[in-house]
A.B. asks: 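There's a structure below that I have some questions on.
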Amino acid sequence: MENDSGENPTKVNKYACACAIVASMISIIFGYDTGVMSGAMIYVKKEFQINDAKTEILAGILNLCALVGSLCAGRTSDKIGRRNTILVASVIFMIGSILMGYGPSYIALLVGRCIAGVGVGFALMIAPIYSAEVSSPSSRGFLTSLPEIGISVGILLGYLSNYIFSRLYLELGWRIMLGIAAIPSLLLAIGILKMPESPRWLIMQGRLGEAKKILYKVSNSNQEAEIRLRDIKEAVGIDENCNDDIVKIPESAQTHGVWKELLLKPTPTLRWILLAGVGIHFFEHATGIEAVILYSHKIFAKAGVRDTRKQILATVGVGLTKFTFIVLSTFLIDRIGRRKLLLTSLGGMVVTLTGLGFFLTIAENFGGTLIWALVLSIVTTYAVVMFFNIGLGPVTWVYSTEIFPLRYRALGAGIGVAVNRLMNATVFMSFLSIFEAITTGGAFFMFAAVSLVALIFFYFMSPETKGKSLEEMESVFTRSKSSDNFNK
């Protein structure tokens, strides 16, 4: 079906796509930090002579501070707007990167990672929200997945940076690895000023005229823009026939008091949405993916790869696998749907994490001398990354962003990201201790069990949201669990 201009209304709007791409740039910077820290830790540990406990703290402190940033970002984005919150995130991360690159001591490095972590918390909360709010229902999954692609690109660049700068002498190499992220942060802070504000946020502020102009730019047709405008007006409580540029927002649609309504006295529908949104963030990292990504060099060492540079080179394969399958997922998420990708992903992770635990156990018991165990350990490591990034990775950010009603979206997403970062930090800061206690293979058997619990959780708690407008989400979660949304 085509509109009057001959355009296909199901295609991705170029202007909306450009906006989402720019927003996802902040995720590239975060992904870079995650990837580069995997290798930089080897050299930081050598220079400062720190033990495994301090290494875990260095790895995980960013995510604990990101927890604080994500909780602050919700209210901040409601006050100053989605676009300006991305700007704040860029500046904060730039300051943290500069301090990490300077890094005269272990304490200074920790402070730099704390500051960068606050910026990460802002970024992870706001980038998917901005992308979702400028997107059409038919392309929302694709555009909201772009920040996850950004993370994958960043991780791959971080791994490559490890390999390139590892040739430099000890005191310089890791500092360049960490500090160079300040440059794209600055460029993003400048570029973000050219982006439009979220039309949904503008309407929440009563700025109807500005929102209408932006909706016409980010929609595939004038008819779609009018439908989206009408739906948002209805959700906010504005008369659909109102065409004033500035309007007064009803008290019931304003964001004060949302903490109490969402956390203390939620309706049954809102409680279900909160459980689904927070649950998906919890399980994204409880299933152990960050252990695979951040400590992949240690996994390969346990399997039998002895040379440090070969370990780092093998981690590049992790980055390539992540990038390849996250890109594939973005093209499937609006066609296959969130639910099918999620369940397929977790089923695959149960199998591959079990296999990884098995092969690492054999490799460790034989001192890393069995070539077949080494090869299969590497293959199953890549397979875990593959299944994670075909579903759980990208769906987490799309699903948790789109299911909250407009009034609660920033707060709900902020809470979800806070839980996400808490679990991320927990895995970062405990994995070395866990595999010392129950072996590396045992740690992955544990993650396989958690993945099985996650599979059961999502089967019963996560209805399909493909093709639904953001304003329809409450009705999706209000329906019985026997509805078609659970059978897709």
A.B. asks: When you measure from the side chain of S345 to the backbone of L392, do you find a donor-acceptor pair of N or O atoms at a distance under 3.5 Å?
C.D. replies: yes
A.B. asks: Taking atom CZ of R82 and atom CD1 of I86, what is their separation to the nearest 0.5 Å?
C.D. replies: 10.0 Å
A.B. asks: Any heavy-atom pair between the side chains of F445 and F358 that's under 4.5 Å?
C.D. replies: yes
A.B. asks: If you take all heavy atoms of F477 and T465, which pair is closest and at what distance?
C.D. replies: CE1-CG2, 4.5 Å
A.B. asks: May I ask you to decide if I390's main-chain N or O and S329's side chain share a donor-acceptor pair within less than 3.5 Å?
C.D. replies: yes
A.B. asks: Quick one: do I155 and Y32 satisfy side chain to side chain contact (heavy atoms under 4.5 Å, CB included)? Show the steps, please.
C.D. replies: CA-CA 5 Å; I155 288 174; Y32 176 84; over 6 Å; no
A.B. asks: Between T324 and N389, does the side chain to side chain contact (heavy atoms under 4.5 Å, CB included) criterion hold? Intermediate values first, please.
C.D. replies: CA-CA 9 Å; T324 300; N389 286 285; over 6 Å; no
A.B. asks: Return yes if some donor-acceptor pair links the side-chain N/O of T344 with the main-chain N/O of L341 below 3.5 Å, else return no.
C.D. replies: no
A.B. asks: Do other residues, nucleotides or ligands put more than 12 heavy atoms under 6.0 Å from the CZ atom of R271?
C.D. replies: yes
A.B. asks: Hey, is NZ on K54 packed in by over 12 heavy atoms from elsewhere, all under 6.0 Å?
C.D. replies: no
A.B. asks: Look only at the side chain of Y399 and the backbone of P394, and say whether a donor-acceptor pair between them is shorter than 3.5 Å.
C.D. replies: no
A.B. asks: Which atom pair, heavy atoms only, marks the closest approach of F48 to L109?
C.D. replies: CE1-CD2, 4.4 Å
A.B. asks: Quick one: do W372 and I362 satisfy side chain to side chain contact (heavy atoms under 4.5 Å, CB included)? Show the steps, please.
C.D. replies: CA-CA 10 Å; W372 67 266; I362 294 175; 3.7 Å; yes
A.B. asks: How long is the span from the CG atom in D33 to the OG atom in S185, to the nearest 0.5 Å?
C.D. replies: 10.0 Å
A.B. asks: About how many Å separate CE of M125 and CD1 of I415, when rounded to the nearest 0.5 Å?
C.D. replies: 11.0 Å
A.B. asks: To the nearest 0.5 Å, what is the distance between SG on C65 and CD1 on I115?
C.D. replies: 9.0 Å
A.B. asks: For M94, does the CE atom have more than 12 heavy-atom neighbours from other residues, nucleotides or ligands under 6.0 Å away?
C.D. replies: yes
A.B. asks: Taking R175 for its side chain and Y102 for its backbone only, find out whether a donor-acceptor pair lies under 3.5 Å.
C.D. replies: yes
A.B. asks: Any idea which heavy atoms bring W397 and T401 closest together, and the distance?
C.D. replies: O-OG1, 2.6 Å
A.B. asks: Donor-acceptor check, side chain of S139 to backbone of F142, threshold 3.5 angstrom: yes or no?
C.D. replies: no
A.B. asks: Is there side-chain contact between V398 and R338, with at least one heavy-atom pair below 4.5 Å?
C.D. replies: yes
A.B. asks: Return the CG to CG distance between L346 and L452, rounded to the nearest 0.5 Å.
C.D. replies: 9.5 Å
A.B. asks: Contact between I151 and L124 at the side-chain level, heavy atoms closer than 4.5 Å - yes or no?
C.D. replies: yes
A.B. asks: What are the two closest non-hydrogen atoms of S400 and I280, and how far apart are they?
C.D. replies: CB-CG2, 4.1 Å
A.B. asks: Between F431 and F435, is the ring centroid distance below 6.0 Å?
C.D. replies: yes
A.B. asks: Where is the tightest heavy-atom contact between I192 and R83, given as atom of each residue plus distance?
C.D. replies: O-CD, 3.4 Å
A.B. asks: When you measure from the side chain of K468 to the backbone of P137, do you find a donor-acceptor pair of N or O atoms at a distance under 3.5 Å?
C.D. replies: no
A.B. asks: Is there a side-chain contact between W174 and M41, using heavy atoms and a 4.5 Å cut-off?
C.D. replies: no
A.B. asks: Sub-3.5 Å donor-acceptor pair from the side chain of S135 to the main-chain atoms of R140, do we have one?
C.D. replies: no
A.B. asks: Roughly how far apart are I333 CD1 and L328 CG, rounded to 0.5 Å?
C.D. replies: 11.5 Å
A.B. asks: Check whether any side-chain N or O of R409 sits under 3.5 Å from a backbone N or O of I129 as a donor-acceptor pair, and report yes or no.
C.D. replies: no
A.B. asks: Hey, what's the ring geometry for F283 with F457, parallel, tilted or perpendicular (30° and 60° as the breaks)?
C.D. replies: tilted
A.B. asks: Begin from the C-alpha positions of W272 and M461 and carry the test side chain to side chain contact (heavy atoms under 4.5 Å, CB included) through to its verdict.
C.D. replies: CA-CA 8 Å; W272 183 5; M461 292 297 293; 3.5 Å; yes
A.B. asks: Between S145 (side chain only) and G141 (backbone N and O only), is there a donor and an acceptor less than 3.5 Å apart?
C.D. replies: yes
A.B. asks: Can you name the one residue among L87, I28, I26 that meets side chain to side chain contact (heavy atoms under 4.5 Å, CB included) with L188?
C.D. replies: I26
A.B. asks: Work out which heavy atom in L58 is nearest to a heavy atom in Y106; give both atom names and the distance.
C.D. replies: N-OH, 4.0 Å
A.B. asks: Answer yes when E148 and K322 have at least one side-chain N-carboxylate O distance shorter than 4.0 Å, and no when they do not.
C.D. replies: yes
